[in-house]
Amino acid sequence: MKTRRDFIKISALGIGATAVTAGAAKAVLGSSLFGNEAGDEGETLRRVPTYCEVCFWKCAGWAHVTDDGKIKKITGNDDDPQCNGRLCPRGTGGVGMFSDPDRLKTPLLRVTKNGEQTYREASWEEALEYIASKMKDIKTKYGPESMALFFHGSSGNHFSHLMKAYGTANLAAPSFAQCRGPRDVGFEATFGESVSSPEVTDIRDTKCLVLIGSHIGENMHNGQVQEMSEAIDNGAVIITVDPRLSTAASKSKFWLPIKPSTDIALLLAWIHVLINDELYNKEYVAAYAEGFEELKAHVQPFTPEWAYGITTLKPDQIRSTAREMANAAPSVIIHPGRHAAWYGDDVQRTRAIAILNALLGSWGNRGGLFFKEGIKLPEFPHPEYPKPAWTWKDLLDGKYPLANEAVTNSVIEASFPANGKDARIKGWFVSGTNLVASVPLKEELHKAVQALELVVVVDTMPMEITGLADVVLPECTYLERYDDIRATAHREPTLCLRMPAVEPMYQTKPAWWIAKQLGEKLGLGDYFNYKDYSEVLDWQLKQVGSSLEELKRIGVKKTARKTSPYIEPGTAHQFKTHSGKIQLYSHEMAEAGFAPMPVFTQHPEPEEGFYRLIYGRAPMHTFSRTANNPNLVALMPENSVWVNPGVAKIWGIKKDQYVWLKNQDGAISNFAVKVRTTERIRWDSVYIVHGFGHHHKPLRFAYGRGVNDTELITNVMLDPIMGGTGMRGNFVTFLTEDPRKEAKA
Ligand SMILES: Nc1nc2c(c(=O)[nH]1)N[C@H]1C(S)=C(S)[C@@H](COP(=O)(O)OP(=O)(O)OC[C@H]3O[C@@H](n4cnc5c(=O)[nH]c(N)nc54)[C@H](O)[C@@H]3O)O[C@H]1N2
Ligand SMILES: Nc1nc2c(c(=O)[nH]1)N[C@H]1C(S)=C(S)[C@@H](COP(=O)(O)OP(=O)(O)OC[C@H]3O[C@@H](n4cnc5c(=O)[nH]c(N)nc54)[C@H](O)[C@@H]3O)O[C@H]1N2
Ligand code: SF4
Ligand SMILES: [Mo]
C-alpha cells in the first residue's frame, strides 16, 4: 500500500550533496570557516554577544566578526558564571553550525511530481500562507487543541507563545520523557522542587561527589566539568558508579563497575548503611525531613551483602564508600544525573538518590545542593491566552499521574487512530528536535506521520525529521538571530543576550519572525505587538533596570543575590513540599498507587551471545545536532562500539574491525561500526555514543558514519509514574558480514 506521506530525501531537489570524507571537510570548506583563528594581521574584529545553542547549558560568549561579515571565532564571556570565559570544544566549534554547506536554505513544500513525492522550493509567503490556512482549517474542524508542538532549544519559546495564542497547551519536548523527566519528578516528590538546568549542584565546594551513570567529562556541561576539576584539585573524593570506566571514573578514588540496571539495589544498601551505622545527618533529618522511621524499617533487608549478589559490588566497597560520603557530609553531592530515562523504574532510582542527599543533609549546605536565584523578567504585554478545552493530560487516560510536563510519546500515540478511536492530535509543529533520532518509537512515529493533516518542521539542517514534513522552514542559526534573554536562575543571578552576529544566510529566518508572521496570518497579531524582537528585549530589560544597549556592550549582567544559597544556621527552612518537609516517605506517590519508598526491580539479563546496549555522550558532539558540523566531524567523524577484549576474543573480532549490530528483536544497524576493544567496559555490555549513523544523504559529513543507537532500541520500558521511555533494556549481538549484502547483490 502506498503510504500517504513518503519520507523525502531533500537531495531529491538536486540541492543535495555528494559524500565527502571527514578529513576532507576542512579542505572543502576552506580554513577560514573553521573559526578559532586569530584575525589576520591588522584585521579588526567586532565582538557580538551571544549564548551557545550547541547544547542546553547555554554558555555566554562572543562572536568575533570581521568587517566584511565573517565569523572568525567564538569565545566565552569571562563574566558568565556558567562558563567562566571558556567554551567547550562544541561551543568553540559552533561556527560550523553557521558555515555548514548543507544547511536548509529556503522553505520547502511537499508536492507530488510524476507520482512521486518530493519537495519544491517555496517563498516564505507561500509556505506560511499554506501553514496558516491548514491551521485555521484544523481549528475549525477539531479545535485548536488538536495542534501539538514538539520543541527543544531556544526556538521553542517563540513557537510555544504562538501555540498558546492559537489555543493549545500540547507542547512537548523530548527533554522530559526521554531525558530529565524521571529525575525531576523524583526530586519534586522528595524535596518539592527539581534540581533545574543548569543543576544546582555546588560541585566547586564539594568534598565528595558521587556520580551514578552521570559521565561528566564526556557529558560536557561546561560549568560542571570546570567545577569538578576544581574540586578534584582541592582534594574532593569522587565516587563513580558506572559499568564503564568513564572519563569521570578514571579520575575517581572509587570506581564501582556496577552490573547495569541494578543501581537501585546499591542505593538501598547505601541508605541501609547510613541509617544502621548511624552515619546520617541526624540534626538535618530531624529538622527538615519526615518519614524517617518508615524508611528505616523499609531498608532493613537491604544489606550490602544482599546488594552484592545483585550489583556484583563487594560489601566492603559499599560500606567504605558510604563512610566516605558521611565523612564529607553535608558537603557531599549524590549527583541527580540528567538523562535519567534508563530502565522504566527511573523515578524510583532518582527518589533513592534524592533520599541519600537528604540523609546526608546536602541540599541547603555549601558543597551540596544550593538554592538558586534568578532575575525574573516580566513578559512583554499581550492579551491573555485562550483557555484550551483539553490538554496533553487528557491524552494520558489516567496513566503517568506524576507527569508534570507533556509526554512526547503520549502525544505521538494520540496522533493516529487506535482501538477504533479517532486521533485527537491532527497537526504537528516541530522545531529544534530530531524526533526520528531522539524518541525510540519508530512505528508510532510512522503511523502518526501517515495520519496527520499537517506536519511543519522548523530546523537549521536537513535532519531526518525534515523528511516527514509537509512544509520545511529554514531557521537561521543562533549566530544570526535574537532570542529570549537567558535569565536562568542559578548560583548568581544573570541576564545574558543573544543577538545576530551577522545577517541570516540564504533565505533563513529567526524563529521569532516565523512565529510573528504566522501569528498575523492566523489573526493573532495582538500577541506580536512589535516590529523587531529587539523591542521586546529592550522593554523587558528596562523593567529590571538594564537595557538592550547595556547588554549589547557587556553580554552578561550579573547581580548580587538577595537571598542566601544555603540554609542560614538557626533558621527554620521550609522545603517546597506540601508539608514543608523533605518526603523520605512519599505520600504523593502512595496516593497515586506507587511504592512510597524506592524498591528494587530485577530487570532481564542478556541472553547468551548478547550484550546490553548502553550509550552516552562524547565531548565533541551533541546528540545528532552536531553530526554534520564540519568542525566537529573533523574532531570525531564516527562512533565506535566499545567491546571488552574477552568478548572480542570469543567472537574473533579485532580492534578497528567494522561490525553490524543486531538486537534481541532482530533490528539491524543501518551501517557498520568500528570496534574499540577495551578493558574499560564490563563483559556483559557494549557502549556507543548517541547521535551517529545518519541515513539522510544530504548530511554529507554525517551520512553513513557509525551506528544509531535509536534504531537498536526497540524495547522501551515505560515509567508508569511519569511516562519516561527507559531505553537501556536492549541487547545486541555482532554480525561480522554485511547483513544486506545479498539484497544489494
Ligand atoms: N537513543 C537515544 N535517544 C535519546 C538520547 C540518547 O542518548 N539515546 N538522549 C535523549 C536526550 S538526553 C535528549 S535531551 C533528547 C534530545 O533530543 P533532540 O532535542 O531531538 O536532539 P537533537 O538530536 O540534537 O535534535 C536537535 C534538532 O534541532 C535542530 N537544530 C539545531 N539548532 C537549531 C536551531 O537553532 N533552530 C532549530 N529550529 N533547529 C535547530 C537540529 O538540526 C536537530 O534536527 O534525546 C533523547 N533521546
Ligand atoms: N558532549 C556532550 N555533553 C552533553 C550532551 C551531549 O550531547 N554531548 N547532552 C547533554 C544532555 S541533554 C544530557 S541529558 C546529558 C546526559 O549525560 P548524563 O546524564 O551524564 O549521562 P547518561 O546519559 O544518563 O549516562 C551515560 C553513562 O551511564 C553509564 N551507564 C549505562 N548504564 C548504566 C547503569 O545501568 N548504571 C550506571 N550506574 N551507569 C550506567 C554509561 O556507561 C555512561 O557513562 O549530557 C549533556 N551533556
Ligand atoms: S557546554 Fe559547550 S556546547 Fe554546551 S552551551 Fe556551553 S559551550 Fe555550548
Ligand atoms: Mo538530555
Side-chain angles (χ1 to χ4, degrees), residues 50-61 74-77 80 82-84 86-94 97 152-153 173-183 197-199 210-226 240-249 255-264 266-267 311 313 335-343 346 349-350 353 438 478 486 603 612-627 629 632 636 642 680-682 684-691 709 726-729:
T50 187
Y51 57 86
C52 183
E53 183 80 6
V54 186
C55 86
F56 303 106
W57 201 256
K58 298 191 180 133
C59 299
I74 311 175
T75 57
N77 186 320
D80 181 23
Q82 264 157 250
C83 80
N84 304 306
R86 280 150 60 197
L87 301 181
C88 84
R90 299 166 298 154
T92 311
M97 309 257 279
H152 202 185
S175 53
F176 183 71
Q178 280 69 53
C179 176
R180 56 175 171 72
R183 170 196 87 174
S197 167
E199 286 81 15
V210 184
L211 299 172
I212 300 166
S214 203
H215 57 327
I216 300 176
E218 285 147 301
N219 154 1
M220 281 302 278
H221 276 167
N222 195 344
Q224 278 195 118
V225 181
Q226 292 185 27
T240 299
V241 183
D242 200 308
R244 184 180 67 96
L245 184 79
S246 60
T247 302
W255 171 39
L256 307 186
I258 194 166
K259 180 197 272 193
S261 82
T262 66
D263 296 81
I264 297 179
L266 170 65
L267 291 160
T311 60
L313 301 172
H335 198 288
R338 185 178 180 107
H339 169 61
W342 294 2
Y343 299 102
D346 304 304
R349 188 183 67 254
T350 52
I353 292 174
S438 53
Y478 70 103
R486 189 198 83 188
H603 294 291
R612 189 181 295 274
L613 176 71
I614 58 180
Y615 54 80
R617 311 284 178 239
M620 297 70 109
H621 283 280
T622 306
F623 324 113
S624 65
R625 69 170 45 218
T626 55
N629 177 322
L632 302 178
M636 180 180 178
W642 294 35
R680 290 175 61 176
I681 180 100
R682 283 174 61 106
D684 54 6
S685 305
V686 295
Y687 176 79
I688 57 178
V689 169
H690 168 65
D709 54 343
M727 300 194 260
R728 290 195 177 144

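Remember, it's a predicted structure, so these values are computed and weren't measured experimentally. Just so you know, ligand 1 is whichever comes first in the structure, and atom 1 is the first atom listed for that ligand. Index from 1, following the sequence.
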Task: side-chain hydrogen bond (donor to acceptor under 3.5 Å, both in side chains) against His690, all qualifying residues, sequence neighbours excluded - done: Asp709
- [ ] Answer yes or no: is there a side-chain heavy-atom contact under 4.5 Å between Ile216 and Thr247?
- [x] no
- [ ] Kindly indicate whether a cation-pi arrangement holds for Arg728 with Tyr615, taking the cut-offs as under 6.0 Å to the six-membered ring centre and within 45° of the axis.
- [x] yes
Open item on the list: Looking only at distances, can you tell me whether any N or O atom of Gly337, backbone or side chain, sits closer than 3.5 Å to an N or O atom of ligand 2?
Closed with: no
Open item on the list: Pairs of nitrogen or oxygen atoms closer than 3.5 Å, one from Pro243 and one from ligand 2: do any exist?
Closed with: no
Task: For Asp263, the ligand 2 atoms whose distance to one of its heavy atoms is below 4.0 Å - done: 34 (C), 35 (O), 36 (N), 37 (C), 38 (N)
TODO: May I ask whether Lys259 has any heavy atom positioned less than 4.0 angstrom from an atom of ligand 2?
DONE: no
Open item on the list: At a cut-off of 2.8 Å, what protein N/O/S atoms sit near atom 6 (Fe) of ligand 3?
Closed with: Cys59 SG
TODO: Would you kindly say whether Ser197 and Arg338 are connected by a side-chain donor-acceptor distance under 3.5 Å?
DONE: yes
Open item on the list: So, 4.0 Å and heavy atoms of Arg90: is ligand 2 close enough to count as a contact?
Closed with: yes
TODO: Give a yes/no on ligand 2: does Trp57 have at least one heavy atom closer than 4.0 angstrom to it?
DONE: no
Open item on the list: Counting C-beta onward and ignoring hydrogens, is there a side-chain heavy-atom pair between Pro257 and Asp242 closer than 4.5 Å?
Closed with: no
Task: Contact with ligand 2 for Phe56, non-hydrogen, under 4.0 angstrom - done: no
Task: Where ligand 2 meets Ala618 - atom numbers and elements under 4.0 angstrom, heavy-atom basis - done: 1 (N), 2 (C), 8 (N)
TODO: Just jot down the ligand 2 atoms closer than 4.0 angstrom to any heavy atom of Cys179, in number order.
DONE: 14 (S)
TODO: Give a yes/no verdict on whether any heavy atom in Cys55 is under 4.0 Å from an atom of ligand 2.
DONE: no
